[in-house]
K.L.:
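Got a structure for you, questions after.
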Amino acid sequence: MEFLKWLSITDRYTKIHLDRQLAPLGLNSSQHMYIMKICNEPGITQDRFVTLFYIHPSNITRSLAYLEKAGFIKKEPLKKDKRTCCLYPTDKALEANKQILHIQKTWYEKLLQDFSVEERELFFSFLNKAGQKAILEVTEEIELENE
């Protein structure tokens, strides 16, 4: 119970912090990661976000529609398949991305300031391992239910 409690608290308060910091940019904690990825990988397709973020496709569609309407991204159809769109950052997204990176780095440093370098590496390693295991377990549960 303690594991889930503190994981939930860290997630919830991180989202609160991000929402407050990102509000002046017209963004929230569930949208900033798309801007970061699109700025990092111009031309990425929408479908790729499902396997990157493990978020339901309808949530991805909703967030990307907002970002396009707000002028952060532009969509261009893939030449080979007009049904698939490639996503590109606008100048607005590139500028916002600089601020997002600063906000994230500052928060990361505040949360982990009492961790040594080795503790940070272990923490991320364990967190990644637990996250990968959670994905595997839920995926297997769903597959068993669908049999």
Side-chain angles (χ1 to χ4, degrees), residues 1-113 115 120-121 123-146:
M1 184 65 182
E2 283 295 301
F3 170 76
L4 293 178
K5 171 187 163 184
W6 289 108
L7 201 57
S8 177
I9 289 169
T10 303
D11 178 59
R12 187 170 49 254
Y13 278 82
T14 294
K15 287 178 180 172
I16 291 168
H17 172 76
L18 288 173
D19 284 340
R20 293 177 55 159
Q21 296 296 309
L22 296 169
L25 302 174
L27 298 168
N28 66 36
S29 61
S30 65
Q31 298 160 337
H32 77 288
M33 60 193 179
Y34 297 102
I35 290 179
M36 291 176 64
K37 195 65 178 168
I38 293 167
C39 286
N40 223 23
E41 288 184 41
I44 189 171
T45 62
Q46 182 169 331
D47 295 341
R48 181 79 174 99
F49 287 111
V50 174
T51 56
L52 284 173
F53 299 143
Y54 300 95
I55 297 175
H56 194 275
S58 65
N59 294 337
I60 294 168
T61 300
R62 191 171 28 261
S63 290
L64 293 175
Y66 169 81
L67 293 174
E68 182 179 28
K69 185 177 178 183
F72 287 101
I73 64 170
K74 54 187 173 189
K75 294 182 180 181
E76 293 180 13
L78 192 62
K79 289 179 175 55
K80 297 176 187 173
D81 181 0
K82 300 291 182 194
R83 296 170 296 165
T84 302
C85 289
C86 295
L87 307 170
Y88 296 92
T90 62
D91 289 340
K92 184 177 181 180
L94 294 169
E95 187 56 41
N97 191 48
K98 292 176 191 173
Q99 294 177 52
I100 292 167
L101 290 170
H102 176 72
I103 291 166
Q104 277 197 333
K105 182 179 180 197
T106 303
W107 185 243
Y108 166 82
E109 290 301 325
K110 283 180 182 178
L111 290 184
L112 302 181
Q113 68 186 0
F115 287 46
R120 289 178 188 205
E121 289 173 3
F123 176 73
F124 284 119
S125 175
F126 292 151
L127 189 58
N128 183 294
K129 193 172 184 177
Q132 294 297 328
K133 184 66 173 168
I135 292 165
L136 180 66
E137 291 297 324
V138 171
T139 302
E140 287 177 359
E141 288 173 6
I142 293 169
E143 288 172 359
L144 286 173
E145 289 172 2
N146 291 331

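What you are looking at is a predicted structure, and each value in this text was computed from that prediction instead of being measured.
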K.L.:
What pairs meet the side chain to side chain donor-acceptor pair (under 3.5 Å) rule with one or both residues in residues 49-63, with sequence neighbours excluded?
P.N.:
Gln46-Thr61, Arg48-Thr51, His56-Ser58, Asn59-Arg62
K.L.:
Got a sec, which residues hit side chain to side chain contact (heavy atoms under 4.5 Å, CB included) with Ser30, two or more places apart in sequence or on another chain?
P.N.:
Asn28
K.L.:
How many angstroms lie between atom OG1 of Thr10 and atom NZ of Lys5, to the nearest 0.5 angstrom?
P.N.:
11.0 Å
K.L.:
Can you name the closest pair of heavy atoms from Ile100 and Leu25 and give their distance?
P.N.:
CG1-CD1, 4.4 Å
K.L.:
Check whether Thr90 reaches the backbone of Gly71 with its side chain - one donor and one acceptor, N or O, closer than 3.5 Å.
P.N.:
yes
K.L.:
With sequence neighbours excluded, tell me which residues meet side chain to side chain donor-acceptor pair (under 3.5 Å) with Glu137.
P.N.:
Lys133
K.L.:
Could you tell me the separation between the CG atom of Asn97 and the NZ atom of Lys92, rounded to the nearest 0.5 Å?
P.N.:
14.0 Å
K.L.:
Distance check, rounded to the nearest 0.5 Å: Gln104 atom CD versus Thr14 atom OG1?
P.N.:
10.0 Å
K.L.:
Is it true that a side-chain atom of Ser8 and a backbone atom of Leu4 form a donor plus acceptor pair closer than 3.5 Å?
P.N.:
no
K.L.:
May I have the step-by-step check of side chain to side chain contact (heavy atoms under 4.5 Å, CB included) for Phe53 and Ile60, ending in yes or no?
P.N.:
CA-CA 9 Å; Phe53 299 143; Ile60 294 168; 5.9 Å; no
K.L.:
Checking Leu64 against Phe49 for the side chain to side chain contact (heavy atoms under 4.5 Å, CB included) test, could you report, in this order, the C-alpha distance in whole Å, the side-chain angles of both residues, the deciding distance, and whether it holds?
P.N.:
CA-CA 10 Å; Leu64 293 175; Phe49 287 111; 4.2 Å; yes
K.L.:
Can you tell me how far apart CG (Asp47) and OG1 (Thr84) are? Round to the nearest 0.5 Å.
P.N.:
6.0 Å
K.L.:
Just how far is it from atom OG1 of Thr106 to atom OH of Tyr108, taken to the nearest 0.5 Å?
P.N.:
12.5 Å
K.L.:
What are the two closest non-hydrogen atoms of Leu67 and Gln31, and how far apart are they?
P.N.:
CD1-O, 4.0 Å
K.L.:
Enumerate the residue pairs fulfilling salt bridge (Lys or Arg N to Asp or Glu O under 4.0 Å) with a member in residues 102-113, sequence neighbours excluded, ordered by first and then second residue.
P.N.:
Glu109-Arg120
K.L.:
Considering residues at least two apart in sequence or located in another chain, which fulfil the side chain to side chain contact (heavy atoms under 4.5 Å, CB included) criterion with Cys85?
P.N.:
Lys75
K.L.:
Over all heavy atoms of both residues, which pair between Pro89 and Cys39 is shortest? Give the atoms and the distance, please.
P.N.:
CB-SG, 3.7 Å
K.L.:
Would you confirm whether the ring centroid of Phe115 sits within less than 6.0 angstrom of the ring centroid of Phe124?
P.N.:
no
K.L.:
Report the residues that fulfil side chain to side chain donor-acceptor pair (under 3.5 Å) with Glu121, sequence neighbours left out, ordered by chain and then residue number.
P.N.:
none
K.L.:
Just to verify, what does Tyr88 make a ring-ring contact (aromatic ring centres under 6.0 Å, His included) with, not counting sequence neighbours?
P.N.:
none
K.L.:
Quick one: closest heavy-atom pair of Ile44 and Leu52, and the distance?
P.N.:
CD1-CD1, 3.8 Å
K.L.:
In chain order, what residues pass the side chain to side chain contact (heavy atoms under 4.5 Å, CB included) check against Thr139, with sequence neighbours excluded?
P.N.:
Ile135, Glu143
K.L.:
Restricting to pairs with a member in residues 1-29, which pass ring-ring contact (aromatic ring centres under 6.0 Å, His included), not counting sequence neighbours?
P.N.:
His17-Trp107
K.L.:
Of all residues at least two apart in sequence or in a different chain, which pass the side chain to side chain donor-acceptor pair (under 3.5 Å) check with Thr45?
P.N.:
none
K.L.:
Output every pair passing salt bridge (Lys or Arg N to Asp or Glu O under 4.0 Å) with a member in residues 9-36, not counting sequence neighbours, ordered by first then second residue.
P.N.:
Asp11-Lys15
K.L.:
Nearest 0.5 angstrom please: Ile35 CD1 to Glu95 CD, how far?
P.N.:
11.5 Å
K.L.:
Which pairs count as side chain to side chain donor-acceptor pair (under 3.5 Å) when at least one residue sits in residues 33-42, sequence neighbours excluded?
P.N.:
Lys37-Glu41
K.L.:
Taking CG in Asp91 as the centre, count heavy atoms belonging to other residues, nucleotides or ligands within less than 6.0 Å. Is the count above 12?
P.N.:
no
